Visitor: 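Below is the structure I would like to discuss, written out as structure tokens.
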Amino acid sequence: RLDLVTEVVAADRPLDEALPWWLHDARACRIDRVDDDLWVRLVDVPRALAARGYGPGEPVVLEVRDPVLPENSGSYRVGPDGAAPCAEPGQLVLDADVLGALYLGDVLVSTLAAANRVQVRDEAAVERADRLFASVRPPWCGTPF
């Protein structure tokens with residue numbers, strides 16, 4: 001038996017796909033392009049935060065700034081039991097676009113804090129937020145739009 005296939009192209013696949021592990025030699029798998037197809041802009045922050053699930057840990061207070069939709073601006077207590085608006089000052093301060101990335105679970109709060117995209121008022125809140133917003137699998141959308 002002779003296999004004449006020399007190359008298989010699998011376009012638009014998730015980054016965490018098991019493809020390399022299906023091969024006899026995982027080094028034969030090459031990623032030559034990564035595109036981002038999924039962006040989120042939360043238009044109703046209280047409702048979106050309340051609808052999302054969170055990991056284990058102590059709650060954190062996020063202060064969201066949203067100049068486009070000012071009604072989203074404010075503080076939100078986020079914990080394993082859910083999220084709700086609160087009157088407490090934020091331990092972490094972030095803009096709405098950063099919250100969109102966190103919402104999907106694709107990036108750690110600590111990464112965004114290191115990139116100066118999250119203002120840290122309480123250092124302990126960073127690690128807690130990493131656990132709360134963690135995702136077992138990175139988000140992926142196989143349908144471009």
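The shown structure was predicted, so the numbers you read here are calculated from the model rather than taken from an experiment. In this chain, residues are counted from 1 in sequence order.
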Visitor: A side-chain contact here means heavy atoms from C-beta on lying under 4.5 Å apart; do Val64 and Ser75 qualify?
Guide: no
Visitor: Below 4.5 Å, heavy atoms only, C-beta onward: do Cys29 and Leu19 meet side chain to side chain?
Guide: yes
Visitor: Any donor and acceptor pair, going by atom type alone, linking the side chain of Arg65 with main-chain N or O of Val93 inside 3.5 Å?
Guide: no
Visitor: Indicate if Val107 and Leu49 have the same hydrophobic cluster label, given that clusters are the connected sets of ILVMFWY residues with side-chain heavy-atom separations under 4.5 angstrom.
Guide: yes
Visitor: Check Gly105 against Ser135 and note the closest heavy-atom contact, atom names and distance.
Guide: O-CB, 3.6 Å
Visitor: Got a sec: does the CD of Glu17 have more than 12 other heavy atoms crowding it under 6.0 Å?
Guide: yes
Visitor: Is the number of heavy atoms from other residues, nucleotides or ligands within 6.0 Å of CH2 (Trp22) greater than 12?
Guide: yes
Visitor: Given Glu63 and Gln119, is the side-chain contact (heavy atoms from CB on, under 4.5 Å) satisfied, shown in steps?
Guide: CA-CA 9 Å; Glu63 185 178 318; Gln119 179 188 349; over 6 Å; no
Visitor: If hydrophobic clusters are built by linking Ile, Leu, Val, Met, Phe, Trp and Tyr wherever their side-chain heavy atoms come under 4.5 Å apart, do Leu104 and Val45 end up in the same one?
Guide: yes
Visitor: Using side-chain contact (heavy atoms from CB on, under 4.5 Å), reason through Leu94 and Leu112 one step at a time and then give a plain yes or no.
Guide: CA-CA 9 Å; Leu94 61 157; Leu112 294 169; over 6 Å; no
Visitor: Indicate yes or no: at least one non-hydrogen side-chain atom of Val78 is less than 4.5 angstrom from one of Pro59.
Guide: no
Visitor: Can you find a pair of side-chain heavy atoms, one from Leu42 and one from Val40, that are under 4.5 Å apart?
Guide: yes
Visitor: Answer with yes or no whether the hydrophobic clustering places Tyr103 together with Val43; edges join I, L, V, M, F, W, Y residues whose side-chain heavy atoms lie under 4.5 Å apart.
Guide: no
Visitor: How many angstroms lie between atom CG of Asp95 and atom CG of Asn72, to the nearest 0.5 angstrom?
Guide: 12.0 Å
Visitor: So, using side-chain hydrogen bond (donor to acceptor under 3.5 Å, both in side chains) as the criterion, who are the partners of Asp122 when residues are at least two apart?
Guide: Gln91
Visitor: Holding to side-chain hydrogen bond (donor to acceptor under 3.5 Å, both in side chains), I want the full list of residues that pass it with Arg47, two or more places apart in sequence or in another chain.
Guide: none
Visitor: Do you know which two heavy atoms are closest between Val109 and Ala129, and how far apart they sit?
Guide: CG2-CB, 3.6 Å
Visitor: Quick one: do the Ser73 and Asp66 side chains pair a donor with an acceptor below 3.5 Å?
Guide: no
Visitor: Whether the side chain of Arg41 engages the backbone of Asp97 through a donor-acceptor N/O pair (distance < 3.5 Å, no angle test) should be reported.
Guide: no
Visitor: Is the shortest heavy-atom distance from the side chain of Val61 to the side chain of Leu92 under 4.5 Å?
Guide: no
Visitor: To the closest 0.5 Å, what do you measure between CZ (Arg128) and CD (Glu123)?
Guide: 11.5 Å
Visitor: Taking only residues two or more places apart in sequence or in another chain, which ones pass salt bridge (charged side-chain N to carboxylate O under 4.0 Å, His left out) with Arg77?
Guide: Glu88
Visitor: With Tyr76, which residues qualify under ring-ring contact (aromatic ring centres under 6.0 Å, His included), at least two apart?
Guide: none
Visitor: Applying side-chain hydrogen bond (donor to acceptor under 3.5 Å, both in side chains), name anything that partners Asp106, two or more places apart in sequence or on another chain.
Guide: none
Visitor: Sequence neighbours excluded, which residues qualify as side-chain hydrogen bond (donor to acceptor under 3.5 Å, both in side chains) partners of Asp25?
Guide: Arg27
Visitor: In the structure I gave you, are the side-chain heavy atoms of Leu62 and Phe133 within less than 4.5 Å of one another anywhere?
Guide: yes
Visitor: What's the shortest heavy-atom distance between Asp130 and Ser110, and which atoms?
Guide: OD2-OG, 2.8 Å
